[in-house]
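Here is the structure we will look at.
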Amino acid sequence: MPLYAILIHFDPSAEHDAAELAEHDRHSDDLIRAGALVAAYALTPPATARSLRADGETDGPYTESKELIAGIGIVEASDREAALALARQNPAMRHGSGVEVREVAGAYLREADTAAAATAPAADVTAG
């Protein structure tokens with residue numbers, strides 16, 4: 001079955017409270033129970049990014065956009081329409097942002113690290 005990446009957008013200038021984050025957690029739990037969620041990754045704030053290009057490095061995200069990527073979910077769906085139906089349920093759709101859906105063209109996952117990352121606290125996963 002094909003895999004689809006759901007890129008979750010957010011507006012960094014908007015307020016994001018605990019209730020909104022809890023809604024995202026419930027949505028992830030729903031996708032897990034449905035057997036659709038293969039992997040999910042929440043990203044640290046854009047201000048923590050470091051962008052690298054051939055001509056140098058800069059702090060923050062490379063893009064000059066109002067909306068940035070907050071996280072990535074990988075879902076398994078029978079086809080693009082099924083993936084879009086899952087993506088439409090994402091809370092970002094109700095919180096003034098949105099999502100982008102792309103079929104995964106190729107992947108590599110190193111299993112030993114995946115198990116450790118899934119159980120490690122966020123600080124341990126991002127340290128390095």
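The residues of the chain are indexed from 1 along the displayed sequence.
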Handout entry: Distance (rounded to the nearest 0.5 Å) between I6 CD1 and Q89 CD
Key = 9.0 Å

Please list, chain by chain and in numerical order, all residues satisfying side chain to side chain contact (heavy atoms under 4.5 Å, CB included) with [X], sequence neighbours excluded.
{"X": "E15", "result": "none"}
{"X": "A34", "result": "none"}
{"X": "I72", "result": "L7, I69, I74"}

Problem - Those residues that, when tested against E20, pass salt bridge (Lys or Arg N to Asp or Glu O under 4.0 Å) (two or more places apart) - result: none

Minimum heavy-atom distance [X]-[Y], with the two atoms named:
{"X": "H9", "Y": "S97", "answer": "O-CB, 3.2 Å"}
{"X": "S28", "Y": "L37", "answer": "O-CD2, 4.0 Å"}
{"X": "A87", "Y": "V101", "answer": "CB-CG2, 3.4 Å"}
{"X": "E57", "Y": "L52", "answer": "CG-CG, 3.8 Å"}
{"X": "V104", "Y": "A5", "answer": "CG2-N, 3.8 Å"}
{"X": "H24", "Y": "I8", "answer": "CE1-CG2, 4.4 Å"}

Report whether [X] and [Y] are members of the same hydrophobic cluster (ILVMFWY, side-chain heavy atoms less than 4.5 Å apart, transitive linking).
{"X": "V99", "Y": "L84", "answer": "yes"}
{"X": "Y41", "Y": "Y4", "answer": "no"}
{"X": "V38", "Y": "M1", "answer": "no"}
{"X": "L68", "Y": "M93", "answer": "no"}

Practice task
Return each pair, listed once, that meets salt bridge (charged side-chain N to carboxylate O under 4.0 Å, His left out) where at least one residue sits in residues 28-37; pairs must be two or more places apart or across chains.
Solution key: D30-R33

Problem - salt bridge (charged side-chain N to carboxylate O under 4.0 Å, His left out) contacts touching residues 75-95 (sequence neighbours left out) - result: E23-R94

